[in-house]
Amino acid sequence: MRVLLVYAHPYPNSFNNAMLQACERGLKTSGHEVRIKDLYQENFDPVLRAEHLAELQRGVIPEKIAHEQEALLWADGIVFVYPLWWFDRPAILKGWFDHVLTNGTAFEYSPEGVKGLLPIKRALVLITAGGDEEYFRKTDAEHLIYRPVTDGTLAFCGIKHIKHRIYYNVPSLSDEQRQTILQEIEDLGRHFDA
Ligand SMILES: Cc1cc2nc3c(=O)[nH]c(=O)nc-3n(C[C@H](O)[C@H](O)[C@H](O)COP(=O)(O)O)c2cc1C
C-alpha cells in the first residue's frame, strides 16, 4: 500500500519520533511505500485563514490546500502519530485536517446524507498521553481521546478500517516499557493491511 505517516510533535528526539520511526520500519519491512508528513518540520501554518476559507466556499481549492491534498490523495493508507494535548490532537494537526478535508474532496453532502469520499482504505492512530490509564478508564473518558479523530474525522471521510492505540503515562515509562511499545508499533506497521 501507499502509506502516508502524518507526524505532529515539535521535538525530533521525542518518544513520538521513536514511534514514527518504528512504524516506518514495520511498514517498509512489509514492502509498503511510505511518505512522511512532518508538520512541524514543514512549518505548516494550521490557521485556516479567511481568504482560503472564502476560496473553498466558492469551490476553488487554494494552492496551499492543493499542495497538502496531493500528499493525502496519494495514499491508500494513513497513520497518525501525535501526543494528546488537552484531550485533543495538537493544533498543528487539527489545522491540517481543517485544510485538507474539504467538502467535495474528503466528503460530500448527498440526498442520502453525508458521504465520505477519501479513497484511503486503512488508518492507524497512535496517541501518547501523560495521564494514567486507570484514570481514563475510571472516568469513562478514554473514548474522548480518540473518537474525534477516528469517528468524527476519519470515518466521516469514508475510511472503513481504523485502528487506534493509546499509550498512557508516557513521561514516566521505563526504557524497557518504551522498547515494548516500540516493538508493538513496529508490528502494527508490519501488519498494517492485515
Ligand atoms: C500542551 C500540552 C497538553 C497536554 N494535555 C494532556 C492531556 O490532556 N492529557 C494527558 O494525558 N496528557 C497531556 N499532556 C501530556 C502529553 O500527552 C505527554 O507529555 C506526551 O504524550 C508524551 O510524549 P512525548 O514524550 O513524545 O512528548 C499534555 C502535554 C502538553 C505539552
Side-chain angles (χ1 to χ4, degrees), residues 3-29 32 34-49 68 71-72 75 77-101 122-156 159 162-192:
V3 185
L4 181 68
L5 279 155
V6 184
Y7 171 64
H9 195 293
Y11 293 156
N13 59 351
S14 61
F15 184 62
N16 270 258
N17 196 277
M19 289 167 52
L20 173 77
Q21 291 180 38
C23 191
E24 183 187 15
R25 264 197 313 278
L27 287 163
K28 285 187 168 168
T29 304
H32 297 294
V34 175
R35 280 194 199 172
I36 293 177
K37 173 152 279 290
D38 182 337
L39 294 171
Y40 278 94
Q41 208 202 11
E42 291 178 19
N43 210 14
F44 177 71
D45 171 9
V47 180
L48 184 57
R49 297 184 191 282
E68 295 301 327
L72 180 74
I78 196 159
V79 179
F80 297 91
V81 182
Y82 63 89
L84 185 69
W85 282 3
W86 298 119
F87 262 70
D88 205 339
R89 53 216 123 158
I92 202 166
L93 176 58
K94 172 62 170 57
W96 190 73
F97 284 130
D98 294 344
H99 282 74
V100 296
L101 301 177
R122 287 183 182 277
L124 172 62
V125 180
L126 302 173
I127 307 170
T128 61
D132 278 332
E133 185 161 4
E134 206 191 327
Y135 160 77
F136 285 101
R137 290 271 154 82
K138 248 199 318 224
T139 54
D140 196 26
E142 194 183 48
H143 66 284
L144 299 175
I145 297 177
Y146 63 88
R147 289 193 61 183
V149 173
T150 57
D151 300 23
T153 308
L154 304 178
F156 182 90
I159 303 180
I162 305 170
K163 279 188 195 163
H164 73 273
R165 293 287 184 280
I166 304 165
Y167 300 102
Y168 291 99
N169 214 10
V170 163
S172 323
L173 292 177
S174 66
D175 285 350
E176 201 185 334
Q177 289 169 317
R178 286 170 193 262
Q179 284 315 315
T180 304
I181 292 173
L182 295 177
Q183 188 57 57
E184 176 184 314
I185 291 173
E186 189 171 330
D187 292 345
L188 284 167
R190 193 173 304 120
H191 301 295
F192 182 71

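Both ligands and their constituent atoms are indexed starting at 1 by order of listing.
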Any heavy atom of Thr128 under 4.0 Å from ligand 1? The part involved is both
Hey, which atoms in ligand 1 end up nearer than 4.0 Å to a heavy atom of His9?
24 (P), 26 (O), 27 (O)
Which ligand 1 atoms are under 4.0 Å away from a heavy-atom of Gly130?
10 (C), 11 (O), 12 (N), 15 (C), 16 (C), 17 (O), 18 (C)
If the cut-off is 4.0 Å to any non-hydrogen atom of Pro171, which atoms of ligand 1 fall inside it?
19 (O)
Separation of Ile185 CD1 from Arg25 CZ (nearest 0.5 Å)
10.0 Å
Does the plane of the ring in His9 sit parallel, tilted or perpendicular to the ring in Tyr11? Use 30° and 60° as the thresholds.
tilted
Closest to atom 8 (O) of ligand 1 among protein heavy atoms sits Phe87 N, 2.9 Å
With under 30° as parallel and over 60° as perpendicular, where do the rings of His32 and Phe192 fit, or are they tilted in between?
perpendicular
Proximity of Tyr167 to ligand 1 by residue part, where a heavy atom lies under 4.0 Å
neither
Atom 28 (C) of ligand 1: nearest protein contact (heavy atom, Å):
Leu84 O, 3.4 Å
Main-chain N/O of Pro148 paired to Thr153 side chain as donor or acceptor, under 3.5 Å
yes
Closer than 4.0 Å to some heavy atom of Ser14 - which atoms of ligand 1 meet that?
26 (O)
How close does the nearest protein non-hydrogen atom get to atom 11 (O) of ligand 1, and which residue and atom is it?
Gly131 N, 2.8 Å
Polar atom proximity, Phe15 to ligand 1 (N or O, under 3.5 Å):
yes
For ligand 1, which atoms have a heavy atom of Trp86 less than 4.0 angstrom away?
1 (C), 3 (C), 4 (C), 5 (N), 6 (C), 7 (C), 8 (O)
